[in-house]
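Here's the structure, in structure tokens; my notes come after.
Residue numbers begin at 1 in each chain, while the letters A, B, ... track the order of the sequences. Model, not experiment: these values are computed from the prediction.
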2 protein chains.
Amino acid sequence: MKIGELSKKSGCSIQTIRYYEREGLLLNPNRSEGNFRLYDSKALKQLEFVKHCRSLDISLNDIKRLIELKNKPEESCSSVNALIDQQLALVNKRMKELRALKAELQQMASACGSDNTIEACGIIKSLDS
Amino acid sequence: MKIGELSKKSGCSIQTIRYYEREGLLLNPNRSEGNFRLYDSKALKQLEFVKHCRSLDISLNDIKRLIELKNKPEESCSSVNALIDQQLALVNKRMKELRALKAELQQMASACGSDNTIEACGIIKSLDS
DNA sequence: ATAGATCCTATAGTAACTATAGAGTCAAAT
DNA sequence: ATTTGACTCTATAGTTACTATAGGATCTAT
């Protein structure tokens, strides 16, 4: 299949696919006579792996490491484990930040009487302090 | 005061201060004879306003809008309100995403028996599906 | 006078894409 | 046989909010 079909099947945009290739996350595909990229179902699977990792917010760099690890099936999976743990730590950290954020934003929203002037607005006041 | 002192007092890096100025978030400061930026305490307050907004993850563009609104003290604050509500919606959306993320990552982490080969690793398996 | 700290501008790099320009290729209809 | 339209190619620039660097200029203290 050509890149357009791969794009539809994977849900990744054409540009993103080419970008992943440039970044070394996908193998260089065979080319047709007219230099079009030609993919098989294995390539689709690779792309889906990348997409799944991205949906977990794993960085392209870490995905690259995971792909390398996948290609060493006999080694210990402790590095895979570590990577996932680290990803979890990131997510937890960001969630904590967002909880604090949310609390302050909610407080600000409630500090605004409905029909104030900007001058009297509790929101602007709290941003100023 | 010069930019180094403003940087220390505000906790923003010198480059960030200059960047905010370029982006129109800070007024162009007076300059010394040797072309050094000179700030007063009002400038520090402006910068602190920006910093506080950034700590709430408000985008530079939205901060610009807030600054414009601040300069129209007699108008209604409904746009300020809307902006904060929108920011809250963003935060809520991201939190929801992160909760889903966390759940999947945790499941993956628990799918890995401690001493597997990569080939047998539950994490890689679940990323492959 | 000079050394060191601080400042200046302009430019490039970061992450993970997205968008565009300008050209080439291919399949189908005329 | 040609032309239209859809698709593809590469290379480059833009996005967000900064950070880092190069190559100078300026100021302060000795």
Atom-to-atom span, CG of A:Asn35 to C1' of D:dA11 - whole angstrom: 14 Å
Presence of salt bridge, B:Asp57 and A:Arg94, under 4.0 angstrom: yes
Among D:dC18, C:dC8, D:dC9, the one nearest A:Arg31 by side-chain distance: D:dC9
B:Ile63 CD1 - D:dC18 C1' separation (whole Å): 13 Å
Touch class at under 4.0 angstrom, heavy-atom based, for A:Arg18 against every strand present: base
Quick test: give all pairs of protein nitrogen or oxygen and nucleotides 4-6 of chain C nitrogen or oxygen below 3.5 Å, distance rounded to 0.1 Å.
none

Which atom of B:Ile118 lies closest to which atom of A:Cys77, heavy atoms considered: CG1-CA, 3.7 Å
OP1 or OP2 of D:dC9 under 4.0 Å from side-chain N/O of A:Arg37: yes
Gap between atoms CD and C1', on B:Glu21 and C:dC7 respectively (whole Å): 13 Å
Neighbour count >12 (heavy atoms, 6.0 Å) for atom CD, B:Glu97: yes
Between D:dA25 (P) and B:Glu33 (CD): distance, integer Å: 18 Å
Residue mapping more 5' on DNA chain D - nearest nucleotide basis, B:Ser59 or B:Gln15: B:Ser59
Basic-acidic side-chain contact under 4.0 Å: A:Glu48, A:Lys9: no
Carboxylate-amine/guanidinium contact A:Lys64 A:Glu23, below 4.0 Å: no
Under 4.0 angstrom between A:Arg54 side-chain N/O and C:dC17 OP1 or OP2: yes
Side-chain N,O (B:Tyr19) to OP1/OP2 (D:dT16) below 4.0 Å: no
Presence of salt bridge, A:Glu68 and A:Lys72, under 4.0 angstrom: no
Atom-to-atom span, CD of A:Glu5 to P of C:dA27 - whole angstrom: 14 Å
Salt-bridge contact B:Asp128-A:Lys70 (side-chain N to carboxylate O under 4.0 Å): yes
Most 5' of A:Tyr39 and B:Thr16 on DNA chain D, judged by nearest nucleotide: A:Tyr39
Interatomic distance where CE belongs to B:Met1 and P belongs to C:dC7 [whole Å]: 12 Å
Whole-Å gap separating P (C:dC17) and CD (A:Glu23): 10 Å
Value in whole Å for how far the P atom of C:dC17 lies from CD1 of A:Ile17: 12 Å
